[in-house]
Amino acid sequence: MASKPSIPKGTRDFSPAEVAKRQYIIQTIKSNFEKFGFQPIETPSFENSDTLMGKYGEEGDRLIFKILNSGNFFYNRNKIELPESLASLQQNSAEKITLEQRIELNKFTSKISEKALRYDLTVPFARYVVQHQSEIEFPFKRYQIQPVWRADNPQKGRFREFFQCDADVVGSKSLWQEVELVQLYDTVFTALGLTGVTIKINNRKILSGIAEVIGASEKLIDFTVALDKLDKIGEDGVKKEMIEKGISEEAISKVQPLFSFTGTIAEKINQLSQLLSASVEGMKGVEELQFICEKVTQLGLATAQLDLDVTLARGLNYYTGAIFEIAPPKTVAMGSIGGGGRYDDLTGIFGLKNMSGVGISFGLDRIYLVIEELGLFPDTVAATSKALFVNYGETEAFAAMQAIQKLRAEGIKVELYPDAVKMGKQLQYADKRGIPFAVIIGTQELESSTFALKNLVTGEQVVLDYEGLQQQLQ
C-alpha cells in the first residue's frame with residue numbers, strides 16, 4: 001500500500017482562504033513600500049555557497065540549506081571519502097565539534113555542494129548591488145518579497161520555509177533613512193489594523209562601546225550573540241553563555257545595568273552617555289540614536305511605540321549602526337514580527353567598498369498569526385466569488401455566461417456552476433465555498449431579461465435587471 005503523502009517538516013500547504021489573507025498582508029506591505037519610493041527586484045531562490053557562507057555568524061551558517069551537486073558522489077569511480085576526523089560525527093549530534101573537524105567538514109561540504117538556498121534577502125541583495133552597480137542609480141531604494149529557507153527547529157511562528165518582505169536603501173549614510181524606516185513600520189502596521197506594536201531600537205556601535213569599556217572588545221561577536229538571546233534564555237542564561245564564551249565574570253558585572261535599564265528614551269540615552277563616556281565608538285552610537293529618536297518623536301507615530309532597548313543585539317554580524325526589532329502587541333505571545341538595521345560595508349564582501357545601507361524586514365508568517373489571533377482580518381478578505389450562477393441547462397447557462405462576461409469586465413468575481421444538476425446541490429456548493437449570492441436564470445427570467453438574486457445568508461430573494469444586479473454585486 002502506498003505511504004500517506006506528506007510534506008517536509010517546517011513547511012506548509014495553504015488553503016484558498018489562507019492565501020487570500022496572506023495576499024492581503026503582502027499587498028498592504030507592497031503598496032506602502034511603493035508609497036515610500038521603494039522599487040521591486042527579485043533574486044534566485046539559491047545562490048553560490050560562497051555568496052552566503054560566513055555572512056551570518058557561526059550559528060547562522062549552520063542553518064543554511066546546502067544543495068548537493070548533481071551526481072552520485074559515493075558510488076561513482078570518483079568516490080569522495082569522508083575524512084577520518086569526521087567519521088565519528090553523527091547527524092544532528094549534540095556533541096560539539098572541534099575547530100579541526102569544522103575545517104575538514106567545510107572542505108568536505110564544498111566538494112559535494114556548491115550552491116545553497118538563500119537564508120535571507122539582504123546578502124543576495126548586496127550581491128545584486130555589486131553585480132549590477134553600473135545599472136543602478138544611487139541611493140537605491142529596493143523592496144523584495146520572496147521566500148527564504150532555514151534549517152531551524154520548527155515551532156509556533158518559526159518555519160523552515162517562509163516569506164520575507166524587505167525594504168533597503170543603499171548608497172546613503174543619512175540617518176533620515178532610519179527615521180523613514182521607523183515611519184514605514186508604523187504606516188504598514190497601522191494599515192493592517194495592528195495597533196500596540198513596539199519598534200525596538202538600538203545601535204551596534206553602542207554594543208561595541210560597551211564591549212570596549214568592560215575590556216571584552218575581542219569577544220564582541222560572542223557578547224552580542226549571547227545578549228541577543230535575553231528574551232529566550234533570560235538574564236542568567238545570557239550570563240552563563242558569556243562565561244562559556246570566555247567573557248570574565250568581572251566584565252559581566254560591569255554590564256549589569258543593561259539588564260535593568262528603565263525610563264524614557266531621553267533618560268536611557270543620558271544613562272548610556274555616562275556609561276560610554278570613555279568610548280569614542282560608543283558615543284557615536286549614542287549620537288546616532290539620539291538623532292533618530294528625537295526626529296521620530298517630533299514627527300510622531302500613528303499607532304506604534306518607539307522604545308530604546310539597550311539589550312537588543314540582532315545576531316547578524318553585518319549590522320554596524322542602528323538596529324531594529326518589532327514586538328507584537330503584548331496581548332499576543334509571539335516573537336519578533338520584523339527587524340533590520342544599518343550595514344556600512346555589506347557590499348564590501350563582494351568587492352564594492354564604502355556602500356552603506358540600511359534596511360528592514362516584515363515577518364509575513366508571524367504577522368499573519370498575530371492578525372489571525374486578534375481577529376483583525378477584514379470580512380472582505382476572501383478567495384471566493386461574489387455570486388454563483390445556477391445552471392439549469394444549455395440555454396440558461398448561455399444567458400448566464402453572457403451576464404458573467406459583462407460582470408467580470410467590471411471587475412466583479414462571479415462564476416457558473418458547470419453542471420446542470422439539482423438546484424439544491426448547486427446552492428450547497430456555494431454555501432460550502434462561502435459564496436454569499438446565487439443568481440438564478442429560469443424560464444421566467446429569460447423571457448423578462450431579469451435575474452433572481454438570492455442572498456444565501458439571509459435567504460432573501462429579489463428580481464433585478466442587469467444594472468440592478470451589477471450594483472448589488474459591486
Side-chain angles (χ1 to χ4, degrees), residues 122 167-170 172-187 189 197-214 216-217 220-221 223-228 230-231 254-301 304-327 336 338-346 356-361:
T122 305
D168 290 75
V169 188
V170 291
S172 171
K173 294 183 178 181
S174 170
L175 295 177
W176 285 110
Q177 306 291 354
E178 279 85 341
V179 173
E180 267 212 326
L181 291 174
V182 171
Q183 291 181 315
L184 177 55
Y185 266 136
D186 178 53
T187 302
F189 289 122
V197 161
T198 300
I199 303 171
K200 298 180 181 180
I201 186 172
N202 197 11
N203 194 297
R204 284 297 279 257
K205 294 183 179 71
I206 286 174
L207 296 170
S208 298
I210 292 170
E212 180 186 341
V213 299
I214 67 172
S217 292
L220 174 61
I221 293 176
F223 173 75
T224 54
V225 168
L227 192 61
D228 196 46
L230 182 62
D231 287 343
K254 293 179 181 177
V255 298
Q256 183 61 40
L258 290 182
F259 298 109
S260 56
F261 247 51
T262 57
T264 65
I265 290 177
E267 289 169 343
K268 290 178 181 178
I269 288 176
N270 185 51
Q271 293 177 64
L272 283 172
S273 297
Q274 295 175 26
L275 179 65
L276 299 172
S277 59
S279 170
V280 174
E281 179 82 350
M283 288 305 297
K284 187 175 181 183
V286 171
E287 290 170 8
E288 291 179 2
L289 263 186
Q290 188 168 14
F291 178 89
I292 298 166
C293 293
E294 281 185 356
K295 300 310 177 192
V296 169
T297 301
Q298 290 166 4
L299 290 166
L301 297 175
Q305 296 175 326
L306 184 67
D307 179 46
L308 170 52
D309 183 351
V310 293
T311 65
L312 177 62
R314 300 288 293 170
L316 301 178
N317 290 343
Y318 49 69
Y319 290 129
T320 56
I323 46 179
F324 305 101
E325 191 163 277
I326 310 304
S336 66
R342 165 74 63 175
Y343 43 90
D344 277 338
D345 198 29
L346 185 58
S356 184
V358 60
I360 59 173
S361 181

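The model shown is predicted, which means the values in this text are computed figures rather than measured ones.
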Correct closest heavy-atom pair for Ile326 and Gly339 would be CG1-N, 4.4 Å
By salt bridge (Lys or Arg N to Asp or Glu O under 4.0 Å), Asp307 pairs with (sequence neighbours left out) Lys268
Is any side-chain heavy atom of Ile201 less than 4.5 Å from a side-chain heavy atom of Leu312? no
Taking every heavy atom of Met283 against every heavy atom of Leu276, the minimum-distance pair comes out as CG-O, 3.4 Å
Are any side-chain N or O atoms of Glu267 and backbone N or O atoms of Thr264, one a donor and one an acceptor, separated by less than 3.5 Å? yes
Could you check whether any side-chain heavy atom of Val182 comes within less than 4.5 Å of a side-chain heavy atom of Phe324, counting everything from C-beta outward?
yes
Hits for side-chain hydrogen bond (donor to acceptor under 3.5 Å, both in side chains) against Ser361, two or more places apart or cross-chain, chain-then-number order -> Asp166
Residues at least two apart in sequence or cross-chain that pass side-chain contact (heavy atoms from CB on, under 4.5 Å) with Thr297, listed by chain then number, are none
Rounded to the nearest 0.5 Å, the OH atom of Tyr319 sits from the CG atom of Leu346 at a distance of 9.5 Å
Between Ala304 and Ile199, the two heavy atoms sitting closest are CB-CD1, 3.8 Å
Contacts of Glu180 meeting side-chain hydrogen bond (donor to acceptor under 3.5 Å, both in side chains) (sequence neighbours excluded), chain-then-number -> Lys141
**Asked** If only atom types and distance count, is the side chain of Tyr185 paired as donor or acceptor with the main-chain N or O of Thr198 below 3.5 Å?
**Response** no
So ring-ring contact (aromatic ring centres under 6.0 Å, His included) across residues 265-290, not counting sequence neighbours, yields none
In this structure, CD of Gln177 is separated from CD1 of Ile360 (nearest 0.5 Å) by 11.5 Å
Output for pair (Thr187 OG1, Leu181 CG), nearest 0.5 Å, gives 11.0 Å
Applying side-chain contact (heavy atoms from CB on, under 4.5 Å) to Glu212 and not counting sequence neighbours gives Ser217, Ser279, Glu281
Result for side chain to side chain donor-acceptor pair (under 3.5 Å) between Tyr343 and one of Asp168, Thr320, Thr122 points to Asp168
Q | Arg204 side-chain N/O to Ala322 backbone N/O, donor-acceptor pair under 3.5 Å | A | no
Sorted by chain and residue number, the side-chain hydrogen bond (donor to acceptor under 3.5 Å, both in side chains) partners of Thr311 (sequence neighbours excluded) come out as Asp309
Those residues at least two apart in sequence (or on a different chain) that pass side-chain hydrogen bond (donor to acceptor under 3.5 Å, both in side chains) with Asn202 are none
Rounded to the nearest 0.5 Å, the CG atom of Leu308 sits from the CD atom of Gln271 at a distance of 9.5 Å
Taking every heavy atom of Ala327 against every heavy atom of Lys200, the minimum-distance pair comes out as CB-CE, 4.0 Å
Residues at least two apart in sequence or cross-chain that pass side-chain contact (heavy atoms from CB on, under 4.5 Å) with Ser277, listed by chain then number, are none
Sorted by chain and number, sequence neighbours left out, side-chain contact (heavy atoms from CB on, under 4.5 Å) with Lys295 holds for Trp176, Val179, Phe291, Gln298
Value for CG (Leu301) from CG (Leu306), rounded to nearest 0.5 Å, stands at 6.5 Å
Here the gap from Arg342 atom CZ to Leu175 atom CG, rounded to the nearest 0.5 Å, amounts to 6.5 Å
Here the pair of heavy atoms bringing Val310 nearest to Leu207 is O-CD2, 3.9 Å
Here the pair of heavy atoms bringing Ser336 nearest to Glu325 is CB-CG, 3.5 Å
